[in-house]
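This report refers to the structure that appears directly beneath it.
None of the values given here were measured: they were computed from a predicted structure. So you know, we letter chains A, B, ... as the sequences are listed, proteins then strands, and number each from 1.
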Amino acid sequence: METLTLEKPQSLTAKDFSSDMEVKWCPGCGDYSILKQVQTVFPDLGIPKENFVFISGIGCSSRFSYYMDTYGMHSIHGRAAAIASGVKAANPELSVWVVSGDGDSMSIGGNHFIHLMRKNFDINYLMFNNQIYSLTKGQYSPTSEKGKITKTSPYGSIEEPFNPSELALGAKASFVARTLDRDPKHMQGILRRAHQHRGTSFVEVYQNCPVFNDGAFFAFSDKETKKEEALQLEDGKPLVFGNDENKGIILDGLTPVIVDLKEGGRGRDELWIHDEKDKTKANLIARFFDTAFDGQHFPRPFGVMYAEERPTYEDNMAAQIELQKEKKGKQPLQKILSGDKTWTIF
Amino acid sequence: METLTLEKPQSLTAKDFSSDMEVKWCPGCGDYSILKQVQTVFPDLGIPKENFVFISGIGCSSRFSYYMDTYGMHSIHGRAAAIASGVKAANPELSVWVVSGDGDSMSIGGNHFIHLMRKNFDINYLMFNNQIYSLTKGQYSPTSEKGKITKTSPYGSIEEPFNPSELALGAKASFVARTLDRDPKHMQGILRRAHQHRGTSFVEVYQNCPVFNDGAFFAFSDKETKKEEALQLEDGKPLVFGNDENKGIILDGLTPVIVDLKEGGRGRDELWIHDEKDKTKANLIARFFDTAFDGQHFPRPFGVMYAEERPTYEDNMAAQIELQKEKKGKQPLQKILSGDKTWTIF
Amino acid sequence: MDTIEKQREKIVAKKEVDHIVVRFSGDSGDGMQLTGMQFTDTAALYGNDLSTFPDFPSEIRAPIGTVAGVSGFQVHFGSREIFTPGDSYDVLVAMNAAALKVDLPKLRRGGIIIVNTQGFDKKNLGLAKYPPDADPLNDGTLSNYTIHAIDITKLTKECLVDSGLGTKEVERSKNMFVLGLLFWMFDKEMDHTIKFINDKFTKKPEIAEANIKVLQAGWNYGDNTEIFTTQFKIGPAKLPPGTYRNITGNQAIVVGLLAASEQSGLPLFIGSYPITPATDILHELSKYKGNGVKTFQAEDEIAGIASAIGASYTGSLAVTTTSGPGMALKTEAMGLATMLEIPLLIIDVQRGGPSTGLPTKTEQSDLLMAMFGRHGEAPLPVLAASTPSDCFNTVFEACKIAVEHMTPVILLSDGYIANGSEPWRFPNAEDLGTISNSFLQKANGADEELLPYKRNELFVRPWIKPGTKGLEHRIGGLEKQDETGNVSYEAANHEKMTMLRAAKIRAIENFIPLAAPDTGADHGRLLVLGWGSTYGAIKTAVKELLAEGEDVAHLHLHHINPFPKNLGELLNNYDKVLIPEMNSGQLLQLIRAKYLVPATGLSKVQGQPFTTAEIKEKMLQLLKA
Amino acid sequence: MDTIEKQREKIVAKKEVDHIVVRFSGDSGDGMQLTGMQFTDTAALYGNDLSTFPDFPSEIRAPIGTVAGVSGFQVHFGSREIFTPGDSYDVLVAMNAAALKVDLPKLRRGGIIIVNTQGFDKKNLGLAKYPPDADPLNDGTLSNYTIHAIDITKLTKECLVDSGLGTKEVERSKNMFVLGLLFWMFDKEMDHTIKFINDKFTKKPEIAEANIKVLQAGWNYGDNTEIFTTQFKIGPAKLPPGTYRNITGNQAIVVGLLAASEQSGLPLFIGSYPITPATDILHELSKYKGNGVKTFQAEDEIAGIASAIGASYTGSLAVTTTSGPGMALKTEAMGLATMLEIPLLIIDVQRGGPSTGLPTKTEQSDLLMAMFGRHGEAPLPVLAASTPSDCFNTVFEACKIAVEHMTPVILLSDGYIANGSEPWRFPNAEDLGTISNSFLQKANGADEELLPYKRNELFVRPWIKPGTKGLEHRIGGLEKQDETGNVSYEAANHEKMTMLRAAKIRAIENFIPLAAPDTGADHGRLLVLGWGSTYGAIKTAVKELLAEGEDVAHLHLHHINPFPKNLGELLNNYDKVLIPEMNSGQLLQLIRAKYLVPATGLSKVQGQPFTTAEIKEKMLQLLKA
Ligand SMILES: Cc1ncc(C[n+]2csc(CCOP(=O)(O)OP(=O)(O)O)c2C)c(N)n1
Ligand SMILES: Cc1ncc(C[n+]2csc(CCOP(=O)(O)OP(=O)(O)O)c2C)c(N)n1
Ligand code: SF4
Ligand code: SF4
Ligand SMILES: [Mg+2]
Ligand SMILES: [Mg+2]
């Protein structure tokens, strides 16, 4: 952080990032918190305000771009990733942020989503996951749990949901993290990490929709349940959770096992140490989402599951162009017009 | 197999499955072999000929459906999975097969592909992967290796390719396998397995395109290299490969390690035993594709990487309909017409 | 006892009127939609003819008290025939300052305003962006109207002091007070609403009781206080005898689809992706699992139509529903369905465009896309529904055409009729026509040859179900050889197939009714030619001018491709033709191109339906010219 | 020595002709495309005017010897002006039986046929589906033609016996024999081709040598054998003085884009997904990395246009290229770009439709989709290129309109001109017009307010680059408030914005040339109105009828939206208007609707361009009527 804060070109404040547009989310919507955290973090990123660009799709979440006093485009449903790719390819100087919903990203936008992960443009991708289509008033989304009663599933959804982190990893994401609307500090940290990561940073933000899917994630923020249900990941730290940190996770071969740190037996020393660069571990952690290894119930991981840099698309593109400029140089227009076979008539 | 063969309703032969359409692939195209294996396997599957349906997209590969004397639709680019979903949802009796190419499936069809894996219709999905767009005369595809020279990448592709098996697993595929045009017997086995699996069976078929990407997979079929470069997977069997079976793979914690079975030291007893139902292992095996664990070079796995049944979409749909029929019964049309609030004018 | 005394004393004038327009307006959270619907149902059940217009913002809940958050419900009911929700209203209920600001302009001079004073405190006036010390209730702004300023919130609270409910529940029931008051004003029974409340809150009797109490209180307030001196009496309408229900356009589409499925014996499959204002169709249909309806919420619009194509291929009655942006995404797949020549119903509930446009507002601007929005020569039948209940007939006919002529059919509705409602004299199931589907069972060519593209006299190819023994065959998007359906790049064949596909669609003109004026004579000085949801406004305008002795007529098109056979002649019977559309003149384009008649257009692109006045004005202008 | 003797003895008649059509026809593997192009280049370099028509199957390599596998290349060259590849040909080269079967019909009576006898053995005759014991070369089938049956394969082999090459290489070079022979027939120099061969095989000199040897052998064969007694002499054409190159439509588009980028100072970005026949544009552009061109092969067509929208938003000259099916998929995003009002070039190289249709054949059937294929009111400029070289001017102008009027622009080309070629007197870089782009640098409103949608007198809003300090703002697909660009659902504003967007496009009519006849007078009995690739056929037909004294003219539209201002008047100057199109009458529809002129259409939907004869015939018919 420090170094970045030092670079800070203009001294900006959170207010500098709030646009004059009236915020039109419902009272109590989790989106408000996300907006606040982004506006809190941005001044410290050391990026000139005019270099931030938000590209959003369509959905309650996607209204986000209207509320940031940066450059922004509220585009069309599911296409934000593809538009953002064009923005970044054309001008790598810009700090490009995508804001999208679970429907926008995982349903209609699924193809652009996986291709963005693969191509690895240096874009920060925030997916507000409320596990519902909200703007259209409450239909199940590809992240809604099986059995969910919604307007389009009056008898319960029959669909197996995506596990967004697992999907991103399967599509070769270089950065995968999860955070929560109700944990401001945590979110701020993740936003900073996403910004720092060179390459596509996929951040899933659990966001409460009080109107159509209220309380979907309270278990991960409520005092009573939080410690048992949420697992806070920190690079190099052991996987520990539970009321008064009494539970840990170890690896028994390939199988994650929850152990009681109070009792003796297998204990602290064996604990699984989180390693953001280990994709195998990242895959396992991602699967805590819905896999009951040996019938155990795992806490939901929050934090950076995976972060491993690899060349970005725009860097590869620039490098190739530079190389050709050296090798071939710029062909003069007249040469292009004439081609290599001409004849003259007098 | 046996049981199935017994059920055989009509005694069909491979010839019964070849249509009167002249096959128009280039001489030496790998597609011929795939067509032959499918026609060889089908008579034994115990399915009445008229219940087979092929849905293909667009590409050389997708011409496949014209050549099978079954019901078939040569649809549009990238949409075969979505059309097939409608076919299966509407008539679960049919044995639905999708034939698609790497571009058709992983590029324009990516969204329908991942959603099909998630929804898990009982559909057999054959992706002919020649790592190139052939019908359009040779552009790189999402499975082409980085650096590949093609018509659209004259200076080499700058894109990180998808790892199709990894993507399918990330999208919750319940069956993931790989086979090769040049290994007929193997392909026949995989086709049978795909058919037997209830749920979406994703089969990646390495297919040679002699015109635009010749020899892409020869290393896995040529006598000299095959044993070193290809790893044959069998459920319950150890991971062994190499000329005269002298190499094995063990798991050192989470890290696959290639060991020499000749020398003493870590040996046979520790060998990694393939377990099709173990998704963690499946993920690791899938990643042999391009991950150099500890800098080692891994052989390319062939066979069934993962197979774990879970309820199919059409079964869930049918069950829900049945339940409602019992609970509510069928509403008579007149009742639907009148609704529940009416008044009469005399 | 006491009250009865009062009542005796009070003299209440009962005023007979033949139609009234009421506008319920408040914050998105004030429950105006529900209030309006309850009032509507009661009026309907009583036998009034009516037309409604729900008008809400696209935000789920814009900030409370702001202009952006105003949600309105307009109902026009009467003892005479009603065709529109009304240009202006006689009574305006404004629950807060923003509501008044937004909806006052359309209240007719001398009209009645009922306001909830608590919605007019400093805070609310500020939120509604009234100037600092404006005081609309008292500063003369409303001098031209009869205003009833009531502290509805307070009265509601008082009436529920000892209900034991939380303030939230209590406040939420204030709309019942309004409803009760209006029931009194218009002399309506409350039983229907009381039943509704009891049914709705079976699990929460205390809430039910509270709501009913407040409803009653509202009624009493009108009955007791001296403020209200007039009750309006609107007798039942002289509608054709029969049994009626109230229905919205989207509901009518659902009923129509279920009827078509029943009458055709084909299983119903809908593959759709949610989008306003079409989603309700998917919502409604997904409740009919008991009838075996298969609803498939696809990952996107392309998968929606693609899955429907798959279902149709297997022999289902397949439908996909959407609105503008989704329609755009479906165009490539529509081309495939055109080539496959399979039945498919594509329903576009139009909204304000282009792009995301005005999602909750109405428009008719997808007509030319429906006609031409496909690459290559890909003609398809296009039908348009004109009123909420007409959606039933239109969707039923669309299914019939799709199945009997083996073609995708596009049905155009729009947000106005999709959400608006009207009384519907629904048919008897027995009286519904049938839809004949004939699946090919054996080879149709000489010596056992199967010819999937051999056409009958209507140029229609057979429908062949996978699973039918011996009829295995391949179809696809590449050009086909005539009859065999095999791939063919042959020049003459391509031209022939292009002509055959077009001829098949044109032939449908022989199965649709001839065009005839809906109102007025089949010749005259001015014909108003309409399509879709402009029906009510045009009809009212034409009726009024006819009454004023003008030589005008109204012809409404339900079939836009193909046009009715006799349309050309008919148009020539009038000196002038006016085409009002909620777009920049799209039907106009088609009519001029096809018949070379110098028709005039009247465009309205405001996301709002035409008013009768707007159409009358333009008509008079043309009549004078 | 010996040969020289022979040559001395042999008397060769030199016949002067002013134009000749040659058709090279063979199996996909026979290299006819390359042969044709080499012949074309040589004729071009020599100074002939010419027009070519490559005509190949959609299979990469259909089974050898079959009719499906026939690949043809037609070249029409002359000492006079040439506008089409020719209705029929004077010389047909048929490398096998299938080729003869497919292409014989269009060989003019008395024409010359050169066949490779080895392509006519039993096997090949069978593959070409000739009846069992047919023998076209000798059974009189060809009695009306001058036939030269040569065992080209054998001669080639003989000439390379000791080349040490494998049979495959040897056989592959037989097309060089044909080329050499034709060079002799038409008295052309071989240096260009020899140079081409040497360049191509620098790494394989032995192959180069072999090819040249065979080429020479072919020349000698014509020169020595008694069979060939006439050489044809086609002098250079009297083209306007200047320097020329030969160019295809797709190449011209690439050159045009690079020129527009240079003249506008905007970096070039292309976001596309491969599709026939547009892919070559992406191929070609991706070679220009050295010029900083950014080519992005997207995952699908939607991402193609979406990425281009992103690039345009940042200030690039953004382009997306496609054909019918891809065009259909881009429609939703086009709507967004229309709302955003940013420059964007959408190039549709049309092919046979609908659906996958006839991918390698030509058609003009996407016009109405280009005009109306978007939901809501979303008018866009539509331009059409008429010849291969005209693609340069058209694409350059399209970029100018997009950038200077801040709008997406649709450019229509088609497979015929995309792959066809003609000589082009390319301009000097200095003479190219400029394209002025003015990015907003500071707030444009009163007191420092930024108004992203404040328009200039042409209704054009400013282009604002992200990264520009102080101009941060938001845009999107929802309807916008006039000037501020903020979201607005306000009724009157929506109508105003709809009209402003339309007005902006209409205003472009003031910046495009007035319509004027390309050939013939500006009034008369019959006007042939064309657009796109029908140019050559119409022009030739009109010229010929003018020569025959008919009162006809040819007007060719390059701008379809908006139309040239004076088009209406002009059309009224003619008694009749004929509109030939490779579709079912799409421009016809637009012209009739807009001007109410009873124009007649001439449709051809065969995946093949019009012949001059077809157009002449229809013209004469109308002139007689
Ligand atoms: C092409 C298209 N299809 C459908 C819609 C309708 N639509 C708008 S937002 C949305 C889904 C919103 O869900 P999500 O992305 O999760 O965002 P949320 O509202 O929950 O934040 C849909 C289906 C649209 N605007 N455009
Ligand atoms: C909508 C659309 N976009 C593009 C195309 C052009 N196209 C046809 S096949 C193809 C890709 C083929 O590659 P693949 O799927 O790998 O099949 P292959 O030919 O290699 O077997 C493309 C881009 C098309 N037909 N339709
Ligand atoms: S509907 Fe839900 S997600 Fe949308 S603004 Fe309201 S609370 Fe937020
Ligand atoms: S181009 Fe390649 S993939 Fe296509 S048919 Fe020929 S060999 Fe097969
Ligand atoms: Mg959501
Ligand atoms: Mg491929």
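Contact annotation for C:A237: only backbone heavy atoms (N, CA, C, O) come within less than 4.5 Å of a heavy atom of chain B. Interface residue C:P466: backbone and side-chain heavy atoms are both found under 4.5 Å from chain B. With a threshold of 4.5 angstrom between heavy atoms, C:A303 approaches chain B through its backbone and through its side chain. C:I247 does not touch chain B: none of its heavy atoms, backbone or side chain, sits under 4.5 Å away. Heavy-atom distances place both the backbone and the side chain of B:Y66 under 4.5 Å from chain C. Using a 4.5 Å cut-off between heavy atoms, C:F269 contacts chain B through its side chain alone, with no backbone atom that close. Residue contact with chain C, scored on non-hydrogen atoms closer than 4.5 Å, is absent for B:F52. Only the backbone of C:T295 comes within contact range of chain B, with at least one heavy atom under 4.5 Å from a heavy atom of that chain. With a 4.5 Å cut-off on non-hydrogen atoms, C:E332 touches chain B through its backbone and its side chain both. Neither the backbone nor the side chain of B:E93 has a heavy atom closer than 4.5 Å to any heavy atom of chain C. Only the side chain of C:E262 comes within contact range of chain B, with at least one heavy atom under 4.5 Å from a heavy atom of that chain. Looking at C:P240, only its backbone comes within 4.5 Å of chain B, counting heavy atoms on both sides. Of the two parts of B:L94, only the side chain, counted from C-beta on, holds a non-hydrogen atom closer than 4.5 Å to a non-hydrogen atom of chain C. The part of C:K465 that comes within reach of chain B is its backbone (N, CA, C, O), which places non-hydrogen atoms under 4.5 angstrom from that chain. In this structure, chain B has heavy atoms under 4.5 Å from both the backbone and the side chain of C:A44. Using a 4.5 Å cut-off between heavy atoms, C:I305 does not touch chain B at all. Within the 4.5 angstrom heavy-atom criterion, no atom of B:K327 approaches chain C. Within the 4.5 angstrom heavy-atom criterion, no atom of B:Y67 approaches chain C.
A donor-acceptor distance shorter than 3.5 angstrom exists from the side chain of C:R474 to the backbone of B:T70, with no hydrogens or angles considered. Using a distance-only test at 3.5 Å, with no hydrogens or angles considered, no donor-acceptor pair links the side chain of C:E472 to the main chain of B:D69. Looking at C:K294, its side chain does come within 3.5 Å of a backbone N or O of B:A89 through a donor-acceptor pair. Of the possible donor and acceptor atoms, none in the side chain of C:Y288 sits under 3.5 Å from a partner among the backbone N and O of B:K330. Under a 3.5 Å cut-off, the side chain of B:W343 and the backbone N or O of C:Y46 do not form any donor-acceptor pair.
Residue B:T344 holds its OG1 atom at 11.5 Å from CZ of C:R425, rounded to the nearest 0.5 Å. If you take CD1 on C:I302 and CD1 on B:I108, they are separated by 7.5 Å, rounding to the nearest 0.5 Å. Between atom CE of residue B:M21 and atom NE2 of residue C:H473 there is a gap of 12.0 Å, rounded to the nearest 0.5 Å.
B:I321 approaches C:V293 most closely through the heavy-atom pair CD1-O, 3.9 Å. Annotation for B:A90 and C:T314: closest pair CB-OG1, 3.2 Å, computed over non-hydrogen atoms. Of all heavy-atom pairs between C:Q297 and B:K119, the closest is O-NZ, 4.4 Å. Nearest approach of C:T468 to B:Y71, heavy atoms of both residues: O-OH, 2.6 Å. Taking every heavy atom of both residues into account, B:G329 and C:N291 meet most closely at O-OD1, 4.2 Å. Scanning both residues, C:L336 and B:S75, for their nearest heavy atoms gives CD2-CB, 3.9 Å.
Chain B forms the most heavy-atom pairs under 4.5 Å with one residue out of C:N486, C:I309, C:V487, and that residue is C:V487. Listed options B:A80, B:A318, B:G339, B:P332 were ranked by heavy-atom pairs under 4.5 angstrom with chain C; first place goes to B:G339. Interface check for chain C: of the options B:R79, B:K88, B:K328, the most heavy-atom pairs under 4.5 Å are formed by B:R79. Contacts with chain B were tallied for C:G47, C:P241, C:P236; C:P241 has the most, counting heavy-atom pairs under 4.5 Å.
Looking at B:L337 and C:R245, their side chains never come closer than 4.5 Å, going by heavy atoms from C-beta outward. Taking 4.5 Å as the limit, some side-chain heavy atom of B:T342 sits within range of a side-chain heavy atom of C:F426. For the pair C:Q263 and B:L333, the minimum side-chain heavy-atom distance is below 4.5 Å. Proximity of C:K289 to B:L323: side-chain heavy atoms (C-beta onward) are nowhere separated by under 4.5 Å.
Within 6.0 Å of CD on C:E430 lie more than 12 heavy atoms contributed by other residues, nucleotides or ligands.
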